[in-house]
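Single-structure report; data block below.
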There are 2 protein chains.
Amino acid sequence: MDIGEIARRSGVSRSTVSYALSGKRPVSKETRQRIQAVIDELGYRPNAVARALKEGRTRTIGLVIPPASRRLTDLQLGFVASVVDAAARVDLDVLLSPSGGEHDRSFERVVAGRRVDGVIVMEIRLEDDRVTRLRQTGLPFVGIGRTGRPEEMSWVDVDYEMLISRCVHHLADLGHRRIALVNRSAELVASGYGPGHRAQAGFLHTVAERHLEGVQTCCADDAQSGVACVERLLDEHPGLTAIATINEAAIPGMYRALSEAGLTVPDDFSIAGVSAQHWAENLHPPLTAADVPTDELGAHAVEMLIQRIADPDTTHRHLLVAPPISLRGTTGPARARDPLS
Amino acid sequence: MDIGEIARRSGVSRSTVSYALSGKRPVSKETRQRIQAVIDELGYRPNAVARALKEGRTRTIGLVIPPASRRLTDLQLGFVASVVDAAARVDLDVLLSPSGGEHDRSFERVVAGRRVDGVIVMEIRLEDDRVTRLRQTGLPFVGIGRTGRPEEMSWVDVDYEMLISRCVHHLADLGHRRIALVNRSAELVASGYGPGHRAQAGFLHTVAERHLEGVQTCCADDAQSGVACVERLLDEHPGLTAIATINEAAIPGMYRALSEAGLTVPDDFSIAGVSAQHWAENLHPPLTAADVPTDELGAHAVEMLIQRIADPDTTHRHLLVAPPISLRGTTGPARARDPLS
DNA sequence: TTGTAAGCGTTATCAT
DNA sequence: ATGATAACGCTTACAA
């Protein structure tokens, strides 16, 4: 059943049906009602594909997520949820593209095949092939995260440099002198993952500024790795009393390793991080952390994208958030660790 | 730039370009190379929308998820990931539709607008409007979950009835006599959520069979509710020594409430559940649970859907899994609780 | 081996 | 107020 069918049955032309539906030109009340009756009877709905072809837009946005095979972190999930939610609110559909690996067939399909009006890209690297490709095609896009030349694109991002710096300051204020940064996975950081590098930068300059002893390490995004990471840290750096981290997925493991080493948090050891709010709250003990407002960021990304789709030549907009650190249960005054315990 | 542009520049007709691309009819080596050169130079990619209109299929499947606003459980996330993954593997894109609430505009758009070739629906109720609607439209679909008349549709599902029954048997074998079932939220169950009802059925008949004292309760899908739920349970049923549950999101809260009540797991209290494997493993202590193979289920759902798309009239297929219970750290021999402690 | 042309279901520009 | 008709970009009979 197509628009022609409706036209025939209501005794009007196809254009009249189209106009009755869109309201873009006046249609007499009687014909409109007659058409509507037929539509209701047959349950007709315009074919979105045909409309997209004709109109040159799909009313769909692409969301480029990390490959689904490796589990997404809670923060990433928060972004996905908020983008989907914000898009649904303005009647946009979301096409998922799990990309970032090598042969991004899905990415190419979505982007080069013009299946979408614009794209939101997650987990951006300082040098990012997908961004390069998007720029080539001219398809409007917004990053959740930014490249090394951030002026040249629209993005929303978390100010990891600032946040880690604040964490370190906070820990230093509590008297901690030996502090570790637990970063995301080594591969991710090596591949130029922005937050990893910026967290590192924030860590280094604050450690220097406060004359602390800083050690940084990478850790894969899971609890087991968190355990191994902290065990190694405690072993190699007996004087360590605190951790700052952007690796939320590893935190439960850190807790475990600490407690198995006989250390209580926050009495013997402090942890401060960057995380999704509900995640931080639901940990036990609840994590002292900067709560990333994923909802706000995702909604803004969608809004920016819509604007770029409407007018691709507007100047780029940026949103960098540095939420305050919420004091919860994992940071306290430094207490010297007995290297033999 | 369209296929006509490529045709012009290579001095052939548009159909030749199309055939050179699809290989559906032989094209001489020279012309093919000439065409390919032009394509490479201009970076041409066929417009997926036009192709979809012509071919009558979109090479896209819809995935109907619970509204993104209320957080998805780990199990749900596991399904989403595995569907996206399985679809990507066979070059299908996934269009997300957060539906199930009241105003399912997104669902209507996707389904009635024929934006997809088929749909996978999550969180199916015993009576499900979306299933009814899909049946009306004739669009191929597969459920992750099943309605009250499961023969009439294709689905994959977890045998919650069997699994909860096994949990209860396991706990009974360990000597527990007073056992609670912690279900999903009251609204969900009231709305006819299949797993909730089937878990209940399994619980009731096994409790009867083993002559146990069973109490069932609902609990929202979050840690806080888990705390409240267990507090109430301990308060109202002093003899309770074990819980069986399908509410994974509430488990961290249950742990907390138990430990705050001075009860250790599994020495004083046992818990057995149904959950995603990594979730069960990463809890502390790791949860004795039936590990739902989300990967297998998601992949099967996609495979079934592809088959139904290819031949909408094949008989319905079903996959009901009842993974074994993995013994981990949360179940042990019953020990009488001191009602005054 | 290649070209011509119809048609997928819309929307929108002309007419009337 | 309404109708005829030309696109949108592609695939695929049907011809040559």
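Residue numbers start from 1 in every chain, and the chains themselves are labelled A, B, ... in the order their sequence lines are given, proteins ahead of strands.
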message: With salt bridge (charged side-chain N to carboxylate O under 4.0 Å, His left out) as the criterion, how do B/Glu108 and B/Arg105 come out once you've worked through the C-alpha distance, each side chain's angles and the decisive distance to 0.1 Å?
response: CA-CA 5 Å; B/Glu108 269 304 302; B/Arg105 296 211 303 274; over 6 Å; no

Under the salt bridge (Lys or Arg N to Asp or Glu O under 4.0 Å) rule, collect the residues that match up with [X], sequence neighbours excluded.
X: A/Asp93; value: B/Arg109, B/Arg115
X: B/Arg14; value: none
X: A/Glu296; value: none
X: A/Arg114; value: none

For residues 34-46 of chain A, which side-chain N or O atoms pair as donor and acceptor with protein atoms under 3.5 Å away, sequence neighbours left out?
residue : atom : partner : partner atom : Å
A/Arg34 : NH1  : A/Ser10 : O            : 2.4
A/Gln36 : NE2  : A/Asp40 : OD1          : 2.9

task: Between protein and nucleotides 7-14 of chain C, map the contacts as a letter string: B base, S sugar-phosphate only, - none, heavy atoms under 4.0 Å, written 5' to 3'.
output: BBBBBBBB

Span of DNA chain D in contact with chain B (heavy atoms, under 4.0 Å):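 Endpoints of the contacted stretch of DNA chain D: D/dG9 to D/dC14.
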
Can you list every salt bridge (charged side-chain N to carboxylate O under 4.0 Å, His left out) pair that touches [range], not counting sequence neighbours?
range: residues 46-61 of chain B; answer: B/Glu55-B/Arg57, B/Glu55-B/Arg59
range: residues 22-33 of chain B; answer: none
range: residues 304-319 of chain B; answer: B/Glu303-B/Arg317

Using a heavy-atom cut-off of 4.0 Å across all strands, would you classify [X] as base, sugar-phosphate, or nothing?
X: B/Gly113; answer: nothing
X: A/Val49; answer: nothing
X: A/Val27; answer: sugar-phosphate

- prompt: At how many degrees, to 10°, do the end axes of the helix from C/dT1-D/dA16 to C/dT16-D/dA1 meet when each uses five pairs?
  reply: 40°

Those residues that, when tested against B/Tyr19, pass side-chain hydrogen bond (donor to acceptor under 3.5 Å, both in side chains) (two or more places apart): none

